[in-house]
Amino acid sequence: MKRTNIFALSAVTAALFLAGCGGDINLTPTSIDNSVDNSTNNSGGGGATNNCASYEVDGTSVQGEKIGADCVYPRSFSTPEDPVVMDIRLVELPGGAHIFPNGLYIGENVEATADVNREGPTLTIDAGATLAFEDGDSFVRIARGANIEANGNRNAPITFTSVQELDNQITNPNARGLWGGLVINGFGISNKCDQSDLANCVLQGEGGAGFYGGDDNEDNSGSIRYALVKYAGYEVSLDNELNGITFNAVGSGTTLEYIQVHNNLDDGIEFFGGAANVKNVVLTGNDDDSLDWADGWQGKIQYILVKHADDRANRAIEADGNSGNNDATPFSNPIIANFTSIGSLTATDGSDESEGVLLREGTRGALYNFLITDARGECLEIDQATTLAAAQAGDLSIENSIIACSENFADQPTQDWFQSYPTNVTLDEMATVLSSGYVTASTITDASGAEVTVTPKSDLSTIDPFFDDVDFIGAVSEDDDWTNGWTVGLRD
């Protein structure tokens with residue numbers, strides 16, 4: 001059966017359910033273990049084989065339909081206006097997927113920060129589970145106070161994708177924007193809020209993605225490990241697209257490891273304030289910026305690999321402070337180590353496309369072990385006087401890094417800043433800095449073939465215990481390819 005017919009069947013079932021309940025959906029906080037059978041009959045594809053997620057409405061279980069290997073959920077299962085407000089679990093469905101026609105919304109989207117239930121529901125996703133979405137404007141939203149526990153592993157990653165991929169309808173290798181993306185809203189600090197009244201901070205997320213903000217940069221929104229977000233980033237309105245993963249004021253208590261965003265229409269991942277930390281990130285084929293931060297993000301990242309697509313891209317990093325006030329505090333001030341940016345020399349959408357790193361709008365930060373190469377535009381740029389002043393004062397730094405492009409720097413002040421650090425190395429596009437397409441070469445050579453000495457920042461744990469001590473620059477070493485077995489788009 002084609003999934004287009006499955007959605008029609010699911011809609012009929014939903015209509016019958018609503019008619020039986022009088023149309024009112026009053027969610028009660030009851031947790032249901034979806035690892036066991038929650039049905040008592042075999043109608044609607046349920047019965048003993050139905051391990052679809054469920055919750056209760058006025059004493060009646062609401063559950064996805066088991067159709068073939070898939071769990072198909074009615075549109076009424078979860079909407080922005082009527083989100084799921086109790087714990088649910090999505091189990092692995094061998095050969096199948098959890099299919100949501102209009103998104104999955106966990107927790108109440110409460111505007112007044114003081115009124116948010118901080119013990120909200122948890123979305124648990126088992127290793128190997130696939131979630132697929134039909135509508136372009138559907139997305140996954142984890143509200144403030146709610147949590148996500150999505151813990152895959154190398155052999156069984158969790159996948160968020162489009163129904164079109166399940167039906168083998170994606171023929172364009174650069175397809176993007178087929179559904180919304182993943183949004184996590186937290187209680188972290190943003191420099192767009194009144195710093196004297198952070199407890200009442202309320203901000204509206206891009207693309208109508210819910211309210212976020214508060215006074216707790218140690219907030220915990222759960223954990224995500226070994227997860228892929230593919231073909232997302234639907235354009236909600238002109239110049240208003242959803243990112244692959246949006247971290248809206250997410251706190252450092254959240255665990256984020258081994259995450260890939262592939263072929264997103266807007267940014268790969270973006271941090272708006274907060275202090276979320278991430279390890280082992282792969283960002284491939286994203287249309288706009290691969291990594292973006294703004295509004296006072298205070299987090300840390302180690303091991304982040306960016307590879308642009310051959311058709312179009314913007315920047316590997318677009319780093320912002322506060323666009324309306326470059327002096328707003330707290331400043332964006334992340335620490336990032338072991339970063340590789342591989343641009344596309346064939347990107348076609350304008351001369352400023354497929355760039356490396358842009359630092360602007362007053363951002364601070366400390367960057368170590370960067371490797372930037374193959375950008376069509378400039379590899380490194382500092383913009384706005386406030387940002388340049390921070391760089392010259394040492395509040396924005398880059399050390400133990402290599403740039404190897406045809407246009408390494410946007411201007412002389414940027415070049416002077418980079419080359420003022422004696423551990424940095426400037427090469428050109430003919431240098432050999434990579435092996436196997438994305439792995440840092442064990443022997444780096446210049447255009448003449450002469451070996452170049454590169455000294456990595458090895459004692460990173462002395463800066464912050466979050467970081468591992470390493471003996472290489474860039475994201476991936478020849479001794480440990482942590483991308484193997486769970487990523488896509490790197491070896492094409």
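Quick note: numbers below take in every heavy atom, side chains included, and nothing from hydrogens, waters or symmetry partners.
- Looking only at atom types and distance, the side chain of Ser477 has no donor-acceptor partner in the side chain of Asp479 under 3.5 Å away.
- Nearest heavy-atom pair, Ile301 versus Phe467, reported as atom, atom and distance to 0.1 Å: O-CE2, 3.4 Å.
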Give the intermediate values and the outcome of side-chain contact (heavy atoms from CB on, under 4.5 Å) for residues Ile342 and Tyr438. CA-CA 7 Å; Ile342 306 168; Tyr438 59 90; 3.7 Å; yes

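- Asn248 and Asn185 share a donor-acceptor pair across their side chains, judged by distance under 3.5 Å alone.
- A donor-acceptor pair shorter than 3.5 Å can be found between the side chains of Arg144 and Thr113.
- Ring pair Phe100/Phe133 is parallel by interplanar angle, where below 30° counts as parallel and above 60° as perpendicular.
- Proximity of Ile99 to Val163: side-chain heavy atoms (C-beta onward) are separated by under 4.5 Å at one or more points.
- With hydrogens and angles disregarded, no donor-acceptor distance shorter than 3.5 Å links the side chain of Ser332 to the backbone of Thr363.
- Taking a 6.0 Å sphere around NZ of Lys279, one finds it holds more than 12 heavy atoms contributed by other residues, nucleotides or ligands.
- We find the OG-CG distance between Ser190 and Leu203 to be 5.0 Å, quoted to the nearest 0.5 Å.
- Note that the CG atom of Asn263 and the CG atom of Asp311 stand 8.0 Å from one another [nearest 0.5 Å].
- Between Ile125 and Leu131, some side-chain heavy-atom pair lies under the 4.5 Å cut-off.
- Side-chain contact annotation: Gln412 with Asp416, donor-acceptor N/O pair under 3.5 Å present.
- Checking side-chain atoms of Asn286 against main-chain N and O of Asp288 turns up no donor-acceptor pair under 3.5 Å.
- Between Phe418 and Phe409, the angle of the ring planes lies from 30° to 60°, which puts this pair in the tilted group.
- Although no hydrogens or angles enter the test, the distance criterion places a donor-acceptor pair under 3.5 Å between the side chain of Asn153 and the main chain of Ala156.
- Inspection of the Ser435 and Glu478 side chains reveals an N or O donor paired with an N or O acceptor under 3.5 Å.
- Taking the six-membered ring for Trp and the full ring otherwise, the centers of Phe272 and Phe247 sit at least 6.0 Å from each other.
- Two residues are said to be in side-chain contact when any heavy atoms from C-beta on lie closer than 4.5 Å; Val183 and Tyr212 fail this criterion.
- Using modelled atom types, no side-chain atom of Thr255 and backbone atom of Ser223 make a donor-acceptor pair closer than 3.5 Å.
- No hydrogens or angles considered: a donor-acceptor pair under 3.5 Å links the side chains of Ser461 and Asp469.
- Taken to the nearest 0.5 Å, the CD1 atom of Ile372 stands 9.0 Å off from the CG atom of Asn408.
- The OG1 atom of Thr124 sits 6.0 Å away from the CD atom of Glu149 when rounded to the nearest 0.5 Å.
- Residues Tyr421 and Asn400 have side chains that never bring a donor and an acceptor to within less than 3.5 angstrom of each other.
- Looking at Glu206 and Thr246, their side chains never bring a donor and an acceptor atom within 3.5 Å of each other.
- Between Asp137 and Leu242 there is no side-chain heavy-atom pair separated by less than 4.5 Å.
- Minimum interatomic distance between Thr487 and Val282 (heavy atoms only, all atoms of both residues): CG2-CG2, 4.0 Å.
- Between Ser162 atom OG and Trp179 atom CH2 the span is 9.0 Å, to the nearest 0.5 Å.
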For side-chain hydrogen bond (donor to acceptor under 3.5 Å, both in side chains), just list the numbers for Thr387 and Glu361, CA-CA rounded to whole Å, side-chain angles, deciding distance to a tenth of an Å, and then say yes or no. CA-CA 6 Å; Thr387 323; Glu361 295 181 353; over 6 Å; no

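- With hydrogens and angles disregarded, no donor-acceptor distance shorter than 3.5 Å links the side chain of Arg176 to the backbone of Lys230.
- Classification of the Trp297-Phe271 ring pair by plane angle, with boundaries at 30° and 60°, yields parallel.
- With a 4.5 Å cut-off on side-chain heavy atoms, Thr483 and Tyr258 do not count as touching.
- At distances below 3.5 Å, not a single donor-acceptor pair connects side-chain atoms of Asp289 with backbone N or O atoms of Leu291.
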side-chain contact (heavy atoms from CB on, under 4.5 Å) assessment of Gln302 paired with Val470: CA-CA 10 Å; Gln302 187 172 20; Val470 298; 3.6 Å; yes

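- For Asn325 (side chain) and Asp327 (main-chain N/O), a donor-acceptor pair under 3.5 Å exists by modelled atom type.
- A side-chain donor-acceptor contact under 3.5 Å links Ser401 to the backbone of Glu399.
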Working for side-chain hydrogen bond (donor to acceptor under 3.5 Å, both in side chains), residues Asp310 and Asn174: CA-CA 8 Å; Asp310 59 4; Asn174 296 315; 3.2 Å; yes

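- The main-chain N or O of Pro330 is found under 3.5 Å from a side-chain atom of Asn191 such that the two form a donor-acceptor pair.
- Heavy atoms only, all atoms of each residue included: Ala97 and Leu166 are closest at CB-CD1, 3.6 Å.
- Between Ile142 and Leu123, some side-chain heavy-atom pair lies under the 4.5 Å cut-off.
- Under a cutoff of 6.0 Å and an axis angle of 45°, Arg364 and Phe331 form a cation-pi pair.
- Judged by distance alone, the side chain of Ser354 and the main-chain N or O of Ala313 form no donor-acceptor pair under 3.5 Å.
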Evaluate the criterion side-chain contact (heavy atoms from CB on, under 4.5 Å) for residue pair Leu228 and Phe160; output intermediate values, then yes/no. CA-CA 6 Å; Leu228 290 82; Phe160 300 81; over 6 Å; no

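- Pairing each heavy atom of Val278 with each of Phe466, the nearest pair is O-CZ, 3.5 Å.
- The side chain to side chain donor-acceptor pair (under 3.5 Å) test with Arg360 is passed by exactly one of Asn326, Asp320, Thr386: Asp320.
- Asn102 places a side-chain heavy atom less than 4.5 Å from the side chain of Thr79.
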Steps toward side-chain contact (heavy atoms from CB on, under 4.5 Å) verdict (Leu283, Ile304): CA-CA 8 Å; Leu283 303 172; Ile304 175 167; 4.0 Å; yes

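- Residues Asp446 and Thr432 are not in side-chain contact: their nearest non-hydrogen atoms beyond the backbone lie 4.5 Å or more apart.
- The two residues Ile402 and Ile444 have their closest heavy-atom pair at CD1-CD1, 3.5 Å.
- For the pair Arg118 and Phe187, the cation-pi test (distance below 6.0 Å, angle within 45°) is passed.
- Distance check: Ile106 CD1 to Leu104 CG gives 4.0 Å after rounding to the nearest 0.5 Å.
- The number of heavy-atom neighbours closer than 6.0 Å to CD of Glu108, taken from other residues, nucleotides and ligands shown, is 12 or below.
- Asn484 and Arg491 share a side-chain donor-acceptor pair at under 3.5 Å.
- Across every non-hydrogen atom of Ala319 and Leu359, the tightest pair is CB-CD2, 3.7 Å.
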